[in-house]
Amino acid sequence: MLSYQHGFHAGNHADVIKHIAWIGVLEHLKKKNKPFTLFDTHSGAGKYQFDDAEMRQNKEFETGISKLGSFSETSSYLLNRYLDVVEPFYKQQCYPGSPVISESSLRDGDTLHLMELHPAEFAKLQRVMKRAHGCHLHKRDGFEGLLALTPPKPNRGAVLIDPPYERFQEYQEVTRAVKKMYEHWQQGIVVIWYPLLSARAGKKQGASEAMYQQLSDLAKTSFVAELIVEDVKDDNGMYGSGVCILNPPWQLDENLQEALQALSAALGEDISTSLRWLKREGE
Ligand SMILES: C[S@@+](CC[C@H](N)C(=O)[O-])C[C@H]1O[C@@H](n2cnc3c(N)ncnc32)[C@H](O)[C@@H]1O
């Protein structure tokens with residue numbers, strides 16, 4: 001059953017940290033003049049209008065992108081890069097999803113595979129991406145598609161895994177898919193977004209933390225970066241979120257650390273951020 005619609009959450013604090021981290025990876029891949037391939041296993045609708053009914057319902061973008069909406073230069077190169085990507089969309093009263101963000105980094109010869117299972121979200125994605133070059137749209141399960149389409153040729157590239165985690169099993173599905181992927185594509189950089197959940201989430205509380213510990217065994221190096229927007233209380237559900245990055249590019253940790261510091265200054269006093277290595281080279 002697919003009930004999740006990203007329109008209710010687009011542009012919120014979770015999208016902000018996820019998209020900053022992903023742009024950090026894209027910037028690294030663009031440094032070399034060699035083609036790369038990107039995989040987005042859970043693409044969503046591609047772009048979200050602030051005046052859509054879903055966006056208007058909870059106005060979650062007010063916890064994220066709206067707080068950064070002055071788009072003035074910050075002390076962080078990576079946060080500035082994120083703002084450069086998002087600003088043209090924000091001026092048109094919309095927020096770009098990961099497919100549009102990835103597409104903005106493609107050069108001639110680069111490839112983007114977008115997977116989305118929800119029929120209505122897939123139809124929107126097709127409309128949003130209809131003029132995009134180098135993009136392949138797949139109405140299929142993202143985990144199954146990832147294993148079928150990897151390793152890419154040439155084998156430089158990265159994967160964004162951003163499931164809704166509506167089902168408890170999704171945490172295990174992420175670990176299983178990444179484990180299998182690394183059996184045939186060790187070079188892949190993988191970014192996995194996860195929610196930080198309080199006791200209200202029942203058995204899902206602690207599932208993200210268990211998942212990223214298991215994921216850290218699968219690659220040579222890994223770290224997690226988190227953005228916490230509320231004190232943890234039994235009844236507040238998602239109090240923040242994070243990204244687990246496997247095989248992170250050189251200096252992404254420093255760039256992301258700087259971006260998170262600048263981000264917390266912009267988002268407000270109650271925000272805290274962290275970046276922790278799970279596994280370093282040779283450990
Ligand atoms: C969190 S949203 C994606 C947001 C998007 N990555 C972004 O950052 O803009 C998750 C999406 O995954 C889709 N989805 C859920 N299960 C899926 C599966 N097994 N394979 C592919 N897509 C799936 C949902 O329909 C939803 O659109």
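Values reported hereafter were calculated over all heavy atoms of this structure, with side chains retained and with hydrogens, waters and symmetry mates removed. Numbering of ligands and ligand atoms starts at 1, following listing order.
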**Q** Give the C-alpha distance, both sets of side-chain angles, the deciding distance and a yes or no for side-chain hydrogen bond (donor to acceptor under 3.5 Å, both in side chains) between S241 and H13.
**A** CA-CA 8 Å; S241 71; H13 56 85; 4.7 Å; no
**Q** Could you check Q186, Q187, H184 and say which one makes a side-chain contact (heavy atoms from CB on, under 4.5 Å) with N155?
**A**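 Running side-chain contact (heavy atoms from CB on, under 4.5 Å) over Q186, Q187, H184 with N155 returns exactly one hit, Q187.
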**Q** If I apply the N/O under 3.5 Å rule, does H19 come out as touching ligand 1?
**A** yes
**Q** For ligand 1, which atoms, with element, lie under 4.0 Å from some heavy atom of G97?
**A** 9 (O)
**Q** Of the choices R140, E144, E116, which has the non-hydrogen atom that lies closest to atom 11 (C) of ligand 1?
**A** E116
**Q** Starting from atom 9 (O) of ligand 1, which protein heavy atom do you reach first, and at what distance in Å?
**A**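 Of the protein heavy atoms, S98 N, 2.8 Å lies nearest.
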**Q** What is the nearest protein non-hydrogen atom to atom 2 (S) of ligand 1, stated with its residue, atom name and distance?
**A** Y4 CE2, 3.4 Å
**Q** Write out the residue and atom name of the closest protein heavy atom to atom 20 (N) of ligand 1, then the distance separating them to 0.1 Å.
**A**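 Residue, atom and distance for the closest contact: G142 N, 2.8 Å.
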**Q** In the protein, which heavy atom is nearest to atom 12 (O) of ligand 1, and how far is it?
**A**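 Protein heavy atom with the smallest distance to atom 12 (O) of ligand 1: H42 CB, 3.3 Å.
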**Q** Does an N or O anywhere in E170 fall below 3.5 Å from an N or O of ligand 1?
**A**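 So ligand 1 has no N or O lying under 3.5 Å from an N or O of E170.
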**Q** Under the side-chain contact (heavy atoms from CB on, under 4.5 Å) criterion, do F39 and M115 qualify, and how do the steps go?
**A** CA-CA 8 Å; F39 301 88; M115 291 160 252; 4.2 Å; yes
**Q** Tell me if the centroids of the rings in F143 and H42 come within less than 6.0 Å of each other.
**A**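 F143 vs H42: aromatic centres under 6.0 Å.
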**Q** Side-chain donor-acceptor pair under 3.5 Å between T37 and H113, yes or no?
**A**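 On atom types as modelled, these side chains do not qualify, holding no pair under 3.5 Å.
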**Q** Are I228 and I192 joined in one hydrophobic group, where the rule is that I, L, V, M, F, W and Y side chains link up if heavy atoms are under 4.5 Å apart?
**A**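 They do share one cluster, since a chain of ILVMFWY contacts under 4.5 Å joins I228 to I192.
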**Q** Look at atom 4 (C) of ligand 1 and find which of D162, L160, D40, L117 reaches it with the closest heavy atom.
**A** D162
**Q** So which protein heavy atom does atom 19 (N) of ligand 1 come closest to, and at what separation?
**A** D141 OD1, 2.7 Å
**Q** May I ask whether I101 has any heavy atom positioned less than 4.0 angstrom from an atom of ligand 1?
**A**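 Outside the 4.0 Å threshold, so no.
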**Q** Using a strict 4.0 Å threshold on nitrogen-to-oxygen distance, state whether R276 and E226 make a salt bridge.
**A** yes
**Q** Output the list of atoms in ligand 1 that are nearer than 4.0 Å to some heavy atom of H118, sorted by atom number.
**A** 25 (O)
**Q** Would you please classify the geometry between the Y165 ring and the W193 ring as parallel, tilted or perpendicular, with 30° and 60° separating the classes?
**A** tilted
**Q** Please report whether ligand 1 has a polar contact with Y48, defined as an N or O pair separated by less than 3.5 Å (distance criterion only).
**A** no
**Q** Is the centre of the Y95 ring less than 6.0 Å from the centre of the H19 ring?
**A**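 Yes: the rings meet the under 6.0 Å criterion.
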**Q** Below a 4.0 angstrom heavy-atom separation, can you tell me which part of A10, side chain or backbone, both or neither, approaches ligand 1?
**A** neither
**Q** Are E27 and K31 within salt-bridge range, i.e. N to O under 4.0 Å?
**A** no
**Q** Do E121 and ligand 1 have an N or O pair less than 3.5 Å apart?
**A** no
**Q** Test H118 against Y4 for ring-ring contact (aromatic ring centres under 6.0 Å, His included), laying out the working first.
**A** CA-CA 9 Å; H118 192 297; Y4 179 94; 9.3 Å; no
**Q** Below 3.5 Å, N or O to N or O, backbone or side chain included: is there any such pair between P164 and ligand 1?
**A** no
**Q** Quick check on contacts: which atoms of ligand 1 are under 4.0 angstrom from a heavy atom of L2?
**A** 15 (C), 16 (N)
**Q** With a heavy-atom distance limit of 4.0 Å, tell me whether H6 approaches ligand 1 through its side chain, its backbone, both, or neither.
**A**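 For H6, the contact with ligand 1 is made by the side chain alone.
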